[in-house]
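The structure under discussion appears below in the form of structure tokens.
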Amino acid sequence: MKQADSRYLEKFVGETVILTGWVHRIRDMGAFAFLLLRDPWDVVQVVIPEAETVRDLPVESAVRIQGQVVSEPRAPLGLEVHAQSVELLSKALELPPFELNKKELEVSLSLILDHRPLSLRHPRQRAIFRIEAEFVSSFRDFLRGEGFTEIFSPKIVATGTEGGASLFPIDYMGKKAYLAQSPQFYKQMMVGVFGRVFEVGHVYRAEPHATSRHINEYLSLDYEMGFIKDEQDVMELEMRLLAYALSRIRENCSREIRLLQAKIPEPQESIPQLTLSEAKEVLRKKYGKHLEEEDDLDPEAEKLLSEFALSELNSEFLFVTSYPVSLRPMYAMPDKDNPSITRSFDLLFRGMEVTTGGQRIHDYGLLVQNIKKFGLDPESFDFYLEPFKYGMPPHGGLAIGAERITARLLDLENIRQACLFPRDINRLTP
RNA sequence: GGGGUCGUGGUGUAGCGGUCUAACAUGCAGGCCUGUCACGCCUGAGAUCGCGGGUUCAAUUCCCGUCGACCCCGCCA
């Protein structure tokens, strides 16, 4: 007897198979019943010839069903299973606190998150993470194909990268340590080893923010590449990476896209660029919004610029480049011709910043000088600085926020919806 | 760190000084139904309206506090 799953049922039409999953819903028609079986991929209609056999089966119970796969135009998938036996593997002891078999989980976000292992059973909730997983494996596969090596940097660190304000302190066997807010230093150092590296890992920000686009533990998709000309190489690679990931999602996640009614952008050849001052010019001229020279883009500006990119430049993505030194960390490479700006960029996607990147300083002397300029002590960066004494090539890289890009891809209102178990200002469980 | 909005059966909402003995939908329980797909129909159970205090003849409704949730700004991915 073959174990089948809902993805490939059409191959088994006429055959008897085993299906395993959860009782999604039972439609008791009196003499017979429809049992909607939710397996790991979809919901299959199972016809139960005698309704009594499933009448007392609570929803969400785990079952094993043996039956014949029959082509049936009246069934939702165009086929259904005529059950010969239903075996109860694990009975649901209670009713779930919300209705998992509704088209949409119509519950408050906090209830969804309080009961995360249950709410994730909802087909739409589950679909979000299948798409996120596809994005992340596309990231890995693409970069591996481009000669990158995957690295795993420590998440327990002695110093921060950006100065120290937003670090979570931890007690490391009596010593003071922190949760890493970025793999920045490690991936740069590893450029000196592997040439090109990437990392998929959680990072930690101790900011007490309470917004729909921040969580305190998020999945950072990082890469760093050596021997570049400048930051344009980093951006060019990201364009190709995104095009690859989008086409993979469109190819492999059609079920999830349909379920979520997601509009996954067409992979695009190139992404337009605006310098930060050009972007501000657009904001002023087109939207009457004024930002000072030293201001970063605020959330409203990001939304307006995305709107502009879509309507005027025909792009869902927009690179903003040439950030001033004052808005970037100490490792950002200053421009040769205009040392007050850096060779750095952000990527806006559907109104939100989803990437920050740029060329880094590879010159030891310049880096030390910059650390001092930022009011930091080079001695506390000893381990970071060491490889820079030994031929660190010109390099650059970026970080993509996995939950952010997933949320924008699927038009989710809150970043928490794109995180399995979000950690925020007041959530530490489940 | 600053600001705003909201807490009513399991869930989602309505009601916003008395006529609330709190409504509707869904879920749940019992019954009927051989093609449902938001299945349908009948019957029933289920909420002292987040918590504490105050105003008032009278508070789910107004005020204060508190707890919780959500959102915006700052900061960032």
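Computed over heavy atoms, backbone and side chain alike; hydrogens, waters and symmetry mates excluded.
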* With both distances kept under 3.5 Å, what pairs with B/A38, Watson-Crick or G-U wobble? -> none

* Structure fact -> Walking RNA chain B from its 5' end, the first of A/Gly30 and A/Ser108 to be reached, judged by nearest nucleotide, is A/Ser108

* Taking OP1 and OP2 of B/C73, is either one under 4.0 Å from a side-chain nitrogen or oxygen of A/Arg213? -> yes

* Asked: With respect to the phosphate group of B/C73, does any side-chain polar atom (N or O) of A/Thr211 fall under 4.0 Å of OP1 or OP2?
  -> no

* Give A/Asp298 one of three labels, base, sugar-phosphate or nothing, depending on what nucleic acid heavy atoms sit under 4.0 Å from its own. => sugar-phosphate

* **Modelled atom types, side-chain donor and acceptor of A/Ser166 and A/Gln181, under 3.5 Å** => yes

* Asked: Counting only distance, no hydrogens or angles, is the base of B/G35 paired donor-acceptor with the side chain of A/Glu80 under 3.5 Å?
  -> yes

* When the C1' atoms of B/C24 and B/G35 are considered, how many whole Å apart are they? -> 30 Å

* Asked: Judged by atom type as modelled, is there a donor-acceptor pair below 3.5 Å linking the side chain of A/Ser61 to the main-chain atoms of A/Leu57?
  -> no

* Is A/Asn426 near enough to B/A69 that one of its side-chain N or O atoms lies under 4.0 angstrom from OP1 or OP2? -> yes

* Asked: Quick one: is A/Thr355 getting a side-chain N or O under 4.0 Å of the B/A77 phosphate, OP1 or OP2?
  -> no

* Is a donor-acceptor pair below 3.5 Å formed from side chain A/Arg404 to base B/C76, judging by atom type as modelled? -> yes

* Structure fact -> Winner on side-chain proximity to A/Glu353, out of B/A69, B/C76, B/G35, is B/C76

* Asked: Have A/Tyr384 and A/Gln188 got a donor and an acceptor in their side chains that come within less than 3.5 Å?
  -> yes

* A/Lys155, A/Arg205, A/Arg423 screened by side-chain contact (heavy atoms from CB on, under 4.5 Å) with A/Glu217, the one that passes -> A/Arg423

* Starting at atom CD of A/Glu52, determine the distance to atom P of B/C33, rounded to an integer number of angstrom. => 11 Å

* Asked: Hey, does A/Ala51 reach any base, or is it just sugar-phosphate, or nothing, if we go heavy atoms under 4.0 Å?
  -> nothing

* To do: Measure from the side-chain heavy atoms of A/Glu99 and tell me the nearest of B/G27, B/A77, B/C33.
  => B/G27

* Asked: Under 4.0 Å between a Lys/Arg side-chain N and an Asp/Glu carboxylate O for A/Lys285 and A/Glu281?
  -> yes

* In whole angstroms, how far is the C1' atom of B/G9 from the CG atom of A/Leu111? -> 15 Å

* Asked: What interatomic distance, in whole Å, is found between C1' of B/G54 and the corresponding atom of B/G68?
  -> 22 Å

* To do: Quick one: label A/Ile400 by what it contacts on the DNA or RNA (base, sugar-phosphate, nothing), any heavy atom closer than 4.0 Å.
  => nothing

* Structure fact -> Against the side chain of A/His82, the closest entry in B/C70, B/A77, B/G35 is B/G35

* To do: For A/Glu300 and for A/Tyr218, find the nucleotide of RNA chain B with the closest heavy atom, then tell me which residue's nucleotide is more 5'.
  => A/Glu300

* Structure fact -> Which of B/G12, B/C71, B/C75 is nearest the side chain of A/His209? It is B/C75

* Asked: Base, sugar-phosphate, or nothing for A/Glu217, non-hydrogen atoms under 4.0 angstrom?
  -> nothing

* **Nearest listed nucleotide, side chain of A/Arg205, among B/C76, B/G35, B/G27** => B/C76

* Do A/Val23 and A/Val63 touch side chain to side chain, with heavy atoms closer than 4.5 Å? -> yes

* Structure fact -> Under a 3.5 Å limit on both distances, the Watson-Crick or wobble mate of B/C6 is B/G68

* Does A/Leu100 offer a backbone N or O that forms a donor-acceptor pair with the side chain of A/Arg121 under 3.5 Å? -> no

* Using atom P of each nucleotide, how far apart are B/G46 and B/U36 to the nearest Å? -> 35 Å

* How far, in whole Å, is B/A22 from B/G15 if one measures between their C1' atoms? -> 8 Å

* Rounded to whole angstrom, note down the P distance from B/A58 over to B/U19. => 14 Å

* To do: For B/A59 and B/G18, measure between their P atoms and round to the nearest Å.
  => 11 Å

* **Complementary nucleotide for B/G1 - Watson-Crick or wobble, under 3.5 Å** => B/C73

* With no hydrogens and no angle check, do the side chains of A/Thr355 and A/Glu238 hold a donor and an acceptor under 3.5 Å apart? -> yes

* Asked: Once you round it to whole Å, what is the distance between C1' of B/A69 and CD of A/Gln417?
  -> 15 Å

* Structure fact -> Of B/U34, B/C28, B/U36, the nucleotide closest to the side chain of A/Gln45 is B/U36

* Asked: Below 4.0 angstrom from OP1 or OP2 of B/C76, is there any side-chain N or O of A/Ser166?
  -> no

* Let me know the distance between NZ of A/Lys103 and P of B/A25, rounded to the nearest Å. => 21 Å

* To do: Quick one: label A/Pro97 by what it contacts on the DNA or RNA (base, sugar-phosphate, nothing), any heavy atom closer than 4.0 Å.
  => sugar-phosphate

* What is the distance, rounded to the nearest whole Å, between atom CG of A/Leu113 and atom P of B/C71? -> 10 Å

* **pi-stack flag for A/Phe98 and B/U11, centroid dist under 5.5 Å, interplanar under 30°** => no

* Structure fact -> Using Watson-Crick geometry (N1-N3 plus N6-O4 or O6-N4) or G-U wobble (N1-O2, O6-N3), each under 3.5 Å, B/A23 is paired with B/U13

* Asked: A/Ala210 near the nucleic acid: base, sugar-phosphate alone, or nothing, with a heavy-atom cut-off under 4.0 Å?
  -> base

* **Distance-only side-chain donor-acceptor flag, A/Glu199 / A/Ser153, under 3.5 Å** => yes

* Structure fact -> From the list A/Arg350, A/Lys263, A/Arg408, salt bridge (Lys or Arg N to Asp or Glu O under 4.0 Å) partner of A/Glu316 resolves to A/Arg350

* Can you check the A/Lys303 NZ to B/C71 C1' distance for me, whole Å? -> 11 Å

* **Whole-Å P distance, B/U26 and B/A38** => 14 Å

* To do: Quick one: label A/Ile215 by what it contacts on the DNA or RNA (base, sugar-phosphate, nothing), any heavy atom closer than 4.0 Å.
  => base

* Asked: A/Leu297 CG to B/C75 P: how many Å, rounded?
  -> 11 Å

* Look at all strands and tell whether A/Ile415 reaches a base, only sugar-phosphate, or nothing, counting heavy atoms closer than 4.0 Å. => base

* Asked: Which base sits across from B/A59 as a Watson-Crick or G-U pair, both distances under 3.5 Å?
  -> none

* If the P atom of B/G65 is compared with that of B/C6, how far apart are they to the nearest Å? -> 15 Å

* Measure the distance from CE on A/Met352 to P on B/C75 and round it to the nearest whole Å. => 16 Å

* Proximal nucleotide (of B/C70, B/C73, B/G27) relative to the A/Pro299 side chain -> B/C73

* Structure fact -> By the Watson-Crick or G-U definition, both distances under 3.5 Å, B/C33 is matched with none

